[in-house]
Amino acid sequence: MAAPTMNNRMIKWFDDRLPIFTFMHHELHEYPTPKNLSYWWNFGSLAGIMLVVMIVTGIVLAMHYTADANLAFGSVERIMRDVNYGWLLRYIHSNGGSMFFIVVYIHVFRGLYYGSYKSPREVLWWLGIIILLLMMATAFMGYVLPWGQMSFWGATVITNLFSAIPLVGDSIVTWLWGGFSVDDPTLNRFFSLHYLLPFVIVGVVVLHLWALHVHGSNNPKGIDMKGPQDSIPFHPYYTVKDLFGAALFFVVYAVFIFFFPDYLGHPDNYIPANPLVTPAHIVPEWYFLPFYAVLRAFDFDIWFMPAKLLGVIAMFASILVLFVLPWLDTSRVRSGTFRPVFKWFFIILIIDCVVLGYVGAKAPNDPLIASQESVQAANDEYNACVAKADAAGKNGEEECDKPFFVQYVHLGQLTTAYYFFHFLLLLPILGRTERTLPLPTSISEPVTKGGAGAGQ
Amino acid sequence: MNGDGVMTRRIVTGLAAAILGLGIATAAQASGGGTVGERHWSFQGIFGTYDRAALRRGLQVFQGSCASCHGLKYIAFRNLQDVGFTEGEVKAIAVDYTIADGPDDAGDMFERDGKPSDRFPSPFANENAARASNGGALPPDLSLIVKARADGANYLYGLLTGYHDEAPKGVELMEGMYYNDAFSGNQIAMPPPLFADGVDYEDGTEATVEQMAADVTTFLAWAASPEMETRKRLGIKVILFLLVLSGLLYAVKRKVWADVH
Amino acid sequence: MYLATGAFGALGAALAVWPLIDSMNPAADTLALSTIEADLSAVETGQRITVKWRGSPVFIDRRTDKQLQEAEAVDVSRLRDPQTDAERVIKPEWLVLVGICTHLGCVPLGQKPTDDRGDWGGWFCPCHGSHYDTSGRIRKGPAPTNLVVPVYEFLDDSTVKIG
């Protein structure tokens, strides 16, 4: 590619010494992009925009926030009440976390549907998972900063996960806390890391884009660009399309900020942290609920592995499995558009994830179908039976029939199992056995056999 | 690209579905044991504002019936000016309070009359003092109470009007507890705070328990979200702006993409 | 020679990282607060009190005879974390426990008379439904081990030193 025509001599002078203008022109202007990208491709740049929104509001909020266990809650209220437009900044930031996750989840599922993780884009995919993991860590630590009840107990429960590690678990937890419970040192280090990690994310995003630009974007047909007739320059086509999508998305975002600012949060987080009282239900933010359900799905031990450790392993595995996805999915066809069976399983996977989120929000041992009252009655009867048998010198727990009810945790176990089944068994088999539809010869060829739901 | 409309619709549906999914999370949080009805509030809805007369009455109820046990530490007297109190009124309200200040030149703490810049002083020096005076129970600060409870306004109203003189048959009350419909577990340590004609409303409204509960709820809803009216006003402008911007960008997008086939 | 120099340098780098890591461990002032003394003179039989130790609640339960009998009558072999009641107390009347659920660190309910004490009349963790008996032993739910008994000693009849 020829260098852009540079009329301005100053720019030319600079560009000769550091060709940043040539680089920008090349990567953001000329960059040949498949011309058939659907609106599902908007969510990548949208995620980038959200990252900028979060960093900018976060930097300003940090100017007013105090990371001290005695002052943090009050400093957030001061932001909300006394700092000029403080409420706006805070609500942009707190709802921005949720918006960022919505965008990124859609971005991930778009990649899952259109096979964007397949060769030659495996490294691009890995970098994306790393960004997701960093985002989760950042969001978790950010949620702790207001130092409300959910902040405190969320931090307690999540950091305690590490105590499941054999032998060194407890030392690790103490080290993470910098004390013997979540306290001031914990809050301070979380603030430090919450400020740092977004910039690490920026770094990985740069690598993500670099990897993207090596082979270019995937597209709804999942076939490679064959020549100039298949592509259009990024600017102005996709810049304007991305901007339009962003403006529309900001409408939704603004509805939350201005009219339902606390809808996605939890009321308990407006109660200052109290280390001596645990809230009745500790619920993470919605974007962690599916993982929380996986964590709690293991209420039984396997061999020497206690339930707690299994839950932690399963939770991390549910993300780590994505790293090997490019090799688990054996299909040579990238796009779900041409995979009639995969398409249905993809929809089931989405439902599965939504159900996992639903289970994650529920108390695990609540009955799923039966009414609370009938369960209570049956349990009372059982306990009475046990007491009677024990009093008679027999083993009550063996004598009496324990009432069984389908509980949320069972639904969680089912959906967790299905999640891993999808990736570990279904995809490898499906890739080998599925009869895919014939692929078009090029992106430019008029669509005649495309499936539904694939965009164009 | 005649599929644009379809795709836009799809994205909107997708987002809506995502948001509905989130609803589950909050729905789950509403559980808790007590029962709470629904009521219409002046501050509900896109254009809702705090009923100024109710706020004034609510302040009276707060001062008369709540403030002896509950603090309101995030509200300063000056904040009342934002909702229609005059500067003179605010000064008069502030002066009635005694504020601990200091140290003075001799190094001693001293007490003085309140100023508009002061915040509502808390009735107890600290948590332990508060528990000691209330049989071990801690009366929470009320600045954020409406935001700190699920469906806060309805909950608060339900709590204040949900007392029974006697517990229903079969329920045994613990010592020093009162039966309340809205409270989780139905046993609450706070004695019924409101009685008919418990305050003399300045505007002559009849002070029924329901009236007082509704007024103080409005007042505390304001205390929890004093920015709400500004927020909603700005929100309408921002959203209108974004809708117009989206429309313009869509037109530009169509134009730019016109030559792509 | 190259290898030796490289290894020596790497050792130095590793040692230099240690202060950074160790600085995140509990600081001296935090450690200094690691013992407390609690006054038991006002605690009546059947009453439970909570004291704060190292930022966490410690439950002190002056057990009734009935609770004590229940705790001692349990067939230990049927427990997930087998321990007799005698192994968990110094004076049988007084049960001292770290009030942190061994599952994921919530504070179990049961200290207040109005609390749900679970199916075994001890403590009940609301987070993920672990039930503890009147000896603080895990009986049902996801917690892997019994409530922890902290290091403590009786300084005299009415004072206990924890830590």
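Not measured: the values here are computed from a predicted model. Side-chain atoms are counted along with the backbone in the values below, which use heavy atoms only and exclude waters and symmetry mates. All chains are named by letter (A, B, ...) in the order of the sequence lines, taking the proteins before the strands, and each is independently numbered beginning at 1.
In this structure, the side chain of R48(C) does not engage the main chain of F59(C) through any donor-acceptor pair within 3.5 Å.
Atom CG in D268(A) sits 10.0 Å away from atom NE2 in H281(A) (nearest 0.5 Å).
Contact annotation for I282(A): only side-chain heavy atoms (C-beta onward) come within less than 4.5 Å of a heavy atom of chain C. Interface residue W175(A): backbone and side-chain heavy atoms are both found under 4.5 Å from chain C. Of the atoms belonging to L161(A), heavy atoms from both backbone and side chain fall under 4.5 Å from chain C. Neither the backbone nor the side chain of L109(C) comes within contact range of chain A, judged by heavy atoms closer than 4.5 Å.
Counting heavy atoms from C-beta on, the side chains of P150(C) and V96(C) come closer than 4.5 Å.
Ring pair W120(C)/Y132(C): centre-to-centre distance not below 6.0 Å.
When V182(A), V277(A), L276(A) are compared by the number of non-hydrogen pairs under 4.5 Å with chain C, L276(A) comes out ahead. Per-residue heavy-atom pair counts under 4.5 Å with chain C were compared for G178(A), A363(A), P275(A), and the maximum is reached by G178(A).
Ring geometry for F162(A) versus F316(A): interplanar angle of 30 to 60°, hence tilted.
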